[in-house]
Amino acid sequence: MVEHSASDDEGEIDNNLQWSPSRSQSARDGNEVDWSDDDMMAIDNFQWSPEHYNSVRPAGVETDETVARFIEMGFSEEMIAQLRKPMVRKFGANVDPAQILETLVKISASSEANSSKSKLIDELILMGFSEEMVIKVINEYGEENVDEITNVLLSYAEAEKLCKREDEDINIINLSDGENELNSSSEVSTLQALIKIGYPREEASIAIERCGETANVAEVTDFIAAARLAREYDDFFEEPIIQHSKKSRVDNEPSRRGRNPRMAMSSDHQLITLPNPMIGFGLPDGTGLMTERPDPIPAVACGPPYFYYENVAMAPKGVWTTISKELYNIKPEFVDSKYFCAAMRKRGYVHNLPIRNRFQILPLQHQKIQDVLPLTRKWWPSWDERTKLNCLVTCGGSATDTEKVRAELEKFDGKPPPHVQKALLVDCKKGNLVWVGKNRVALLEPEEIERLLGFPRDHTRGGGVNTTERFKSLGNSFQVDTVAYHLSVLKVLFPNGINVLSLFTGIGGGEVALHRLGIPMKVVVSVEISRVNRNILRSFWEQTNQEGTLIEITDVTELKTEEIEDLMERFGGFDLVIGGSPCNNLAGGNRVSRKGLEGEQSQLFYDYCRILKDVRNKEARMRRGGL
DNA sequence: CCGACAATGATACAAAAT
DNA sequence: ATTTTGTATCATTGTCGG
């Protein structure tokens with residue numbers, strides 16, 4: 001973490017910020033660091049540069065070199081993205097790249113001369129489905145959504161295999177031959193074998209538990225296939241299939257609703273509960289890292305175009321159930337940004353992005369208050385054990401609180417008794433106060449909030465923005481490192497840049513995240529009601545010398561279907577729809593009108609849904625080559 | 001009129017206690 | 001298993017001095 005110790009005169013700390021194993025290690029362990037004055041100067045003068053935006057590292061898993069190679073070979077990223085998922089699901093996670101390549105070649109060879117419909121049929125047949133089945137499914141579902149068709153075909157194919165109930169594991173056993181013969185009776189080696197084959201660890205271990213220790217690899221893979229099938233039918237037809245898994249001996253938990261924070265299902269009466277810890281699909285350091293979603297994305301929602309929706313995690317009851325339902329029944333990913341920076345920020349994200357091979361942007365945030373705000377370390381009393389700030393909100397505390405703290409401390413000459421300490425800590429936590437002098441606490445500065453949230457210094461400064469407005473805009477924003485972690489998967493998919501529809505843009509958290517990821521923004525259509533925020537985004541756009549096009553729209557409610565489709569035809573569609581709708585009527589801080597999703601501002605969520613659906617409809621039509 | 005500041009609880013969840 | 005306690009929370013409104 002002390003990366004700029006060698007030659008850090010002014011702005012030339014870039015080279016020292018490249019990722020190295022040791023750096024990552026120390027960041028992971030959260031080691032203490034001594035900060036010299038030079039270090040602090042370097043941080044205060046720190047400005048993001050393009051080199052930073054491009055310096056990224058893989059998290060837990062290595063980046064997908066195979067895909068990158070195919071793109072280099074000239075295949076479009078859409079083609080690979082569309083092909084890859086079904087292939088992985090068909091052949092297992094360790095799908096042979098040669099198989100993908102073969103299919104790609106066949107598709108591109110056959111795609112020139114044909115109409116879109118017969119082309120689609122050809123592609124599907126080339127993927128190994130029977131012609132009869134392909135035609136049947138296309139007639140049944142229409143050719144509107146390729147992903148849906150593919151998924152249905154896969155379901156049928158898997159169902160067929162299960163019915164014959166034979167050698168679907170022949171390939172697998174062949175692949176794992178050496179591993180398998182050693183001792184297939186041992187639970188541990190079964191697990192290892194499954195992992196080696198390519199099954200996610202979690203899924204594999206659950207399956208082994210369900211099947212019993214004596215089960216061999218074939219039985220367990222059978223179970224996994226059945227479970228996957230059950231999940232798919234669940235999502236496609238909303239008819240839950242009973243898993244006949246011998247009464248599961250895994251019920252160590254006292255209560256039946258226990259288990260992992262398995263989200264509520266499609267029915268409304270069950271509420272979505274927040275996970276604990278709030279780490280989403282896993283953290284960059286590998287804890288809880290998933291390679292596939294516990295609840296697969298329903299076929300109709302499979303991207304592209306991708307979308308990314310955000311709001312506060314702690315909303316009134318039923319709100320997240322509704323949000324999920326309105327967004328294709330995709331289960332939210334709840335993440336607390338305290339795992340990415342020194343401030344808590346509990347948010348839910350609903351998106352249809354892939355979740356494999358995510359990576360973090362550099363430089364990594366300091367994880368502790370005293371590291372990210374080094375000047376506070378000197379004055380931080382030992383009895384204040386905070387290392388993380390509370391949520392950065394839209395308005396700060398009052399000056400009377402800081403004065404109260406000072407008065408109390410002077411009364412006890414800086415050594416207050418425990419009960420006074422406790423009372424003062426309550427105030428400090430409430431106002432997010434930090435120590436800036438002897439017996440002195442203070443509110444955070446806008447520049448400090450910018451840093452904590454991952455924005456460039458002075459991002460919200462200038463252009464007639466007053467302090468109150470800065471706090472408000474910042475408090476409403478994304479935490480850039482967190483969002484960038486989720487969006488990082490787009491870098492491989494869109495090496496030539498993306499078209500973004502940014503709703504409720506605010507100060508441009510999504511745009512900053514994409515920029516820091518090194519993903520070129522060819523087009524950004526930004527919808528933001530606040531003039532101040534629009535100025536901030538435009539300023540960012542100019543200062544970072546963006547080469548793409550920035551279109552600004554004021555009001556989401558006035559963005560109608562026709563205009564959306566015009567924009568999409570003009571720019572060739574959108575690759576990403578990103579935005580977090582207003583939390584005013586959801587947030588706990590609201591004393592007056594916390595009325596839920598139907599509140600005056602928060603109901604704009606429904607405009608997000610409306611616009612997203614327009615985009616996805618139009619995109620589907622454009623992909624078919626029609627209007 | 002504008003900008004800075006202070007006063008204004010309730011909800012939901014986790015953890016502890018019963 | 002149920003109750004109590006603890007804790008955090010993308011905010012709104014009014015006031016006051018320019």
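Letters go in sequence order (proteins before strands), and every chain restarts at 1. As the structure is a prediction and not an experimental result, all values here were calculated from the model.
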Exercise for review: Would you please confirm or rule out a distance under 4.0 Å between OP1 or OP2 of C:dC10 and any side-chain N or O of A:Arg347?
Suggested key: yes

Point to revise | Other residues, nucleotides, ligands: >12 heavy atoms within 6.0 Å of A:Arg440 CZ | key: no

Review point. Does NZ or CZ of A:Arg358 fall inside the cone over A:Phe281's six-membered ring, less than 6.0 Å from its centre and within 45° of the axis?
Key: no

**Study point:** Nearest-Å distance for atom pair CD/C1', residues A:Gln601 and C:dT12
**Key:** 10 Å

Exercise for review: Using a 4.0 Å heavy-atom cut-off across all strands, classify A:Gly580 as base, sugar-phosphate, or nothing.
Suggested key: base

Revision key, fill the gap. Regarding the side chain of A:Ser398, the nearest nucleotide among B:dA6, C:dT13, C:dC10 is B:dA6

Revision key, fill the gap. Result for 5'-nearest mapping on DNA chain C, choosing between A:Cys395 and A:Lys429, is A:Lys429

Exercise for review: Take atom NZ of A:Lys613 as the centre, draw a 6.0 Å sphere, and report whether it contains more than 12 heavy atoms from other residues, nucleotides or ligands.
Suggested key: yes

Check your understanding: So, do A:His459 and A:Phe540 have ring centers that fall under 6.0 Å from each other?
Key -> yes

Exercise for review: Could you tell me whether A:Ser337 contacts a base, only the sugar-phosphate backbone, or nothing, with contacts defined as non-hydrogen atoms closer than 4.0 Å?
Suggested key: nothing

Exercise for review: Remember a base hit wins even if backbone is also touched, and classify A:Ala399 as base, sugar-phosphate or nothing at under 4.0 Å, heavy atoms.
Suggested key: sugar-phosphate

Show me the protein contacts with nucleotides 2-4 of chain B, counting only N or O atoms at under 3.5 Å.
residue, atom, partner, partner atom, Å
B:dG3, O5', A:Asn466, ND2, 3.3
B:dA4, OP2, A:Thr468, N, 3.4
B:dA4, OP2, A:Thr468, OG1, 2.9

Exercise for review: Hunt down the Watson-Crick or G-U wobble partner of C:dC10, both distances under 3.5 Å, from any strand shown, or write none.
Suggested key: none

Exercise for review: Among A:Phe307, A:Phe478, A:Tyr608, find the residue that satisfies the side chain to side chain contact (heavy atoms under 4.5 Å, CB included) test when tested with A:Ile578.
Suggested key: A:Phe478

Check your understanding: Base, sugar-phosphate alone, or nothing: which one does A:Lys472 contact when heavy atoms must sit under 4.0 Å apart?
Key -> nothing

Review point. On DNA chain B, nearest-nucleotide positions of A:Met314 versus A:Gly589: which is more 5'?
Key: A:Gly589

Check your understanding: Any salt bridge between A:Asp427 and A:Lys404, counting N to O under 4.0 Å?
Key -> yes

Study note, to complete from the structure: Across every strand shown, the nucleotide meeting Watson-Crick or G-U wobble geometry with B:dG9 (both distances under 3.5 Å) is none

Point to revise | Residue pair A:Leu501 / A:Val525, side-chain heavy-atom distance below 4.5 Å | key: yes

Point to revise | Over 12 non-hydrogen atoms of neighbours within 6.0 angstrom of CD in A:Glu410 | key: yes

Check your understanding: Please give, in whole Å, the distance from B:dA12 P to A:Phe334 CZ?
Key -> 14 Å

Practice item. Please tell me which of A:Asn590 and A:Gly397 maps to the more 5' nucleotide of DNA chain B, matching each residue to the nucleotide holding its nearest heavy atom. Key: A:Gly397

Exercise for review: Just call it for A:Lys430: base, sugar-phosphate, or nothing, with non-hydrogen atoms closer than 4.0 Å on any strand.
Suggested key: nothing

Practice item. Considering just the side-chain nitrogens and oxygens of A:Asn584, establish if one lies under 4.0 Å of OP1 or OP2 belonging to C:dT12. Key: yes

Revision key, fill the gap. Per atom distances to the A:Val393 side chain, the nearest of C:dT12, B:dA12, C:dC10 is C:dC10

Practice item. Side chain of A:Arg345 only, please: which of B:dA15, B:dT11, C:dC10 is the nearest? Key: C:dC10

**Study point:** A:Asn585 side chain near C:dC10 phosphate (N/O to OP1/OP2, under 4.0 Å)
**Key:** no

Check your understanding: To the nearest angstrom, how far is A:Glu403 atom CD from B:dA7 atom C1'?
Key -> 18 Å

Review point. Between A:Asn390 and C:dT9, does any side-chain N or O lie under 4.0 Å from OP1 or OP2?
Key: yes

**Study point:** Among B:dG9, C:dT13, B:dA14, the nucleotide that comes nearest once only the side chain of A:Asn276 is considered
**Key:** B:dA14

Review point. For the pair made of CG in A:Leu586 and C1' in B:dA10, what is the distance, rounded to whole Å?
Key: 14 Å

Check your understanding: What distance, rounded to whole Å, do you find between the two P atoms, one in B:dA7 and one in C:dC10?
Key -> 23 Å

